[in-house]
There are 2 protein chains.
Amino acid sequence: MENSRIVLVDDHQLIIDGLSRIIQEIPGFELVTSYHDPLEALQKIPVWKPEILMVDFEMPGLNGLELIRKLKQQIPELKTVLLTMHLDQATVKEALSLGVNAYILKNLDEFELRVALEKVSKGQNYYSAPVTEVLNSKSKSIQKSSNSQLDLLSGREREVLKLIAEAFSTKEIADQLSLEISTIETHRKSLMRKLDVHNVAGLVRIAVQEGLVS
Amino acid sequence: MENSRIVLVDDHQLIIDGLSRIIQEIPGFELVTSYHDPLEALQKIPVWKPEILMVDFEMPGLNGLELIRKLKQQIPELKTVLLTMHLDQATVKEALSLGVNAYILKNLDEFELRVALEKVSKGQNYYSAPVTEVLNSKSKSIQKSSNSQLDLLSGREREVLKLIAEAFSTKEIADQLSLEISTIETHRKSLMRKLDVHNVAGLVRIAVQEGLVS
DNA sequence: AATTTTCTCCCTGTTTTCGGGGAGGTTTAG
DNA sequence: CTAAACCTCCCCGAAAACAGGGAGAAAATT
């Protein structure tokens with residue numbers, strides 16, 4: 001059986017170097033090349049035709065999910081592994097809807113990386129325990145690992161929050177949604193009540209933390 | 001000559017695994033142990049008596065610089081290498097004043113890691129080109145490697161921006177810094193002018209994007 | 001030594017936010 | 001079907017943000 005050809009994209013060269021050594025020691029896998037610039041990766045990966053693409057989520061210019069989305073349009077059969085620093089529900093959900101095959105936290109160890117790669121190459125998916133826990137958010141999550149605060153918002157409220165966090169003024173938001181200013185103000189008040197903050201700064205902060213923007 | 005004994009602290013196990021392999025390949029150095037929890041590292045490192053300590057800056061609980069500060073009180077002769085994701089002038093300056101022997105960006109490659117370790121073990125210091133450039137901030141850095149928008153802010157402005165992004169009101173910030181409200185308003189206006197935004201939402205967004213908070 | 005930037009504070013005035021309500025129609029869930 | 005939640009819009013008033021300016025003392029650069 002041939003090795004599975006892997007391409008790695010991470011903006012930190014030192015991490016590429018380290019991961020490449022780990023991958024070298026996993027039988028059946030082969031790192032063919034790597035990129036530290038997501039935009040360069042986007043252009044050149046199609047010519048490599050790798051079987052598996054491993055991408056860091058946090059990158060300047062183009063984040064990992066966007067890179068995967070664009071590459072999947074060109075190479076639908078590409079298998080993808082997302083690497084990330086922190087766990088965040090919005091990102092996990094977006095990754096799933098994109099069909100990412102594995103979601104790996106950087107604080108996992110090399111054994112889990114190996115398991116994940118082997119599963120992915122067989123066409124299966126791999127999501128580590130903390131990840132699946134975030135997904136089954138309907139299950140308890142009463143005191144521990146409470147799911148995102150955004151879950152108690154209505155659709156419209158989330159929409160308004162997103163625009164607030166993008167630094168639009170109330171008037172601009174009203175124009176954009178074809179609503180009255182007073183309506184946006186009502187939504188903003190509901191947002192502050194539900195999220196327990198008392199100014200827009202608090203709203204923006206939560207929106208960014210939860211990955212609603214940027 | 002004996003090997004230089006290194007201890008590594010990084011909250012991401014995968015990165016520890018990768019770096020340990022790189023260090024293994026550098027002759028004259030030996031990784032004796034590693035920690036992913038800075039608090040555990042703080043307690044146990046003294047018994048290892050390593051020659052060189054490599055620490056990630058971004059860690060939960062206790063950041064790399066604080067860990068170094070506390071350990072240097074116990075082991076003044078300890079040689080220290082700070083690893084970090086992003087370049088930030090305030091951190092660089094604090095690191096220098098702490099006597100950190102090397103400051104390495106994670107987007108550097110393994111060769112530079114090797115050079116840095118060799119210099120440090122000889123009692124010299126290593127600061128990569130981008131780091132020294134940040135220090136001599138008089139050098140323009142005109143088109144390439146343009147640093148963040150925050151670099152055109154003064155120290156006080158950065159401080160105020162941080163507090164704004166943490167959702168404190170103008171009055172609360174004034175109290176915290178023992179300044180008049182009017183002063184904070186002036187700083188806020190300067191921030192908006194320099195960063196080209198027109199409301200707090202825009203300020204918070206930039207602050208979060210640039211890693212000033214959260 | 002001279003200039004520029006920073007830091008502090010002030011003034012005036014307009015706009016927006018914030019917190020508290022209410023209210024009517026629609027959608028959703030029990 | 002009924003109750004709850006959602007969406008829309010309105011009222012009020014106090015507080016804060018926003019925009020423009022000025023100004024003096026201290027610090028940093030040149």
Side-chain angles (χ1 to χ4, degrees), chain A residues 137-138 147 149-207 212, chain B residues 89-90 92-93 96-97 133-142 147 149-207 212:
Chain A
S137 50
K138 66 193 68 171
N147 38 14
Q149 309 175 69
L150 301 188
D151 287 8
L152 41 114
L153 304 184
S154 69
R156 197 56 139 175
E157 284 163 354
R158 244 191 305 277
E159 196 176 3
V160 172
L161 175 57
K162 190 171 152 65
L163 292 170
I164 290 176
E166 280 165 356
F168 289 108
S169 71
T170 300
K171 184 176 184 322
E172 288 168 336
I173 297 174
D175 291 346
Q176 225 164 303
L177 300 180
S178 299
L179 294 175
E180 292 302 310
I181 289 179
S182 59
T183 304
I184 308 302
E185 285 172 339
T186 301
H187 286 314
R188 196 184 51 220
K189 282 187 277 189
S190 301
L191 286 166
M192 287 183 182
R193 184 173 38 76
K194 288 185 175 180
L195 299 176
D196 192 30
V197 299
H198 306 280
N199 52 39
V200 285
L203 290 178
V204 178
R205 236 195 145 199
I206 291 177
L212 197 65
Chain B
Q89 200 179 24
V92 172
K93 285 186 175 169
L96 286 192
S97 73
E133 193 176 294
V134 164
L135 283 178
N136 314 343
S137 52
K138 65 193 70 171
S139 72
K140 319 283 118 64
S141 74
I142 301 178
N147 28 18
Q149 309 177 68
L150 301 188
D151 288 9
L152 42 114
L153 305 183
S154 69
R156 198 54 138 179
E157 284 163 353
R158 244 192 305 277
E159 196 175 5
V160 171
L161 175 57
K162 188 170 154 63
L163 292 169
I164 290 174
E166 280 165 357
F168 290 108
S169 71
T170 300
K171 186 181 182 321
E172 288 168 336
I173 297 173
D175 289 348
Q176 228 166 302
L177 300 180
S178 300
L179 294 175
E180 292 301 311
I181 290 179
S182 60
T183 304
I184 308 302
E185 285 172 337
T186 301
H187 286 314
R188 180 165 25 79
K189 281 186 281 189
S190 301
L191 286 167
M192 288 182 181
R193 182 173 40 76
K194 288 186 177 179
L195 299 175
D196 194 29
V197 298
H198 305 280
N199 52 36
V200 286
L203 291 178
V204 178
R205 233 192 146 204
I206 290 178
L212 198 64

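Every chain is numbered from 1 and lettered A, B, ... according to where its sequence line falls, protein lines coming before strand lines. Quick caveat, the model's predicted, so the values are computed rather than measured.
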Original post:
Rounded to the nearest 0.5 Å, what separation is found between the CG atom of A:Leu195 and the CG atom of A:Leu161?
Top reply: 6.5 Å

**OP:** Any chance you could measure A:Thr170, atom OG1, to B:Asn199, atom CG, to the nearest 0.5 Å?
**Re:** 9.0 Å

Original post:
Relative to the 5' end of DNA chain C, which residue comes earlier, A:Asn199 or B:Ser154, by the nucleotide with the nearest heavy atom?
Top reply: B:Ser154

Subject >> Closest-nucleotide ordering on DNA chain C, the 5'-leading residue of B:Leu153 and A:Val197 >> reply: B:Leu153

Original post:
Do you know which of A:His187, A:Arg188, A:Lys194 makes side-chain hydrogen bond (donor to acceptor under 3.5 Å, both in side chains) with A:Glu157?
Top reply: A:Lys194

Among [options], which nucleotide sits nearest the side chain of [X]?
X	options	value
B:Arg188	C:dT8, C:dC10, D:dA17	D:dA17
A:Lys189	C:dG21, D:dA17, D:dC7	C:dG21
B:Lys194	D:dC18, C:dT6, C:dC18	C:dT6
A:Met192	C:dT6, C:dC7, C:dC18	C:dC18
A:Val200	D:dC18, D:dC9, C:dC18	C:dC18

Original post:
What pair of heavy atoms forms the shortest contact from B:Arg205 to A:Val204, and how long is it?
Top reply: N-CG1, 4.0 Å

Send over the distance from [X] [atom1] to [N] [atom2], rounded to a whole Å.
X	N	atom1	atom2	result
A:Ile173	C:dT15	CD1	P	19 Å
A:Glu185	C:dG21	CD	C1'	14 Å
A:Leu177	D:dT8	CG	C1'	12 Å
A:Ile164	C:dT16	CD1	C1'	12 Å
B:His187	C:dT6	NE2	P	11 Å
A:Glu180	C:dT16	CD	P	14 Å
A:Leu203	C:dG19	CG	C1'	14 Å
A:Phe168	C:dT15	CZ	P	22 Å

Describe the nucleic acid contact of [X] in one word from base, sugar-phosphate, nothing, applying a heavy-atom distance below 4.0 Å.
X	value
A:Thr170	sugar-phosphate
B:Leu179	sugar-phosphate
B:Lys171	nothing
B:His198	sugar-phosphate

**OP:** Classify the side chain of A:Thr186 and the base of D:dC9 as holding, or not holding, a donor-acceptor pair under 3.5 Å.
**Re:** yes

**OP:** Hey, which sits more toward the 5' end of DNA chain D by its nearest nucleotide, B:Ser169 or A:Ser182?
**Re:** A:Ser182

Original post:
Is it true that B:Glu159 and B:Arg156 make a salt bridge, defined as a side-chain N closer than 4.0 Å to a carboxylate O?
Top reply: yes

Original post:
Salt bridge or not for A:Lys162 and A:Glu166, using N-O below 4.0 Å?
Top reply: yes

Original post:
Has A:Arg193 got a side-chain N or O lying under 4.0 Å from the OP1 or OP2 atom of C:dG19?
Top reply: no

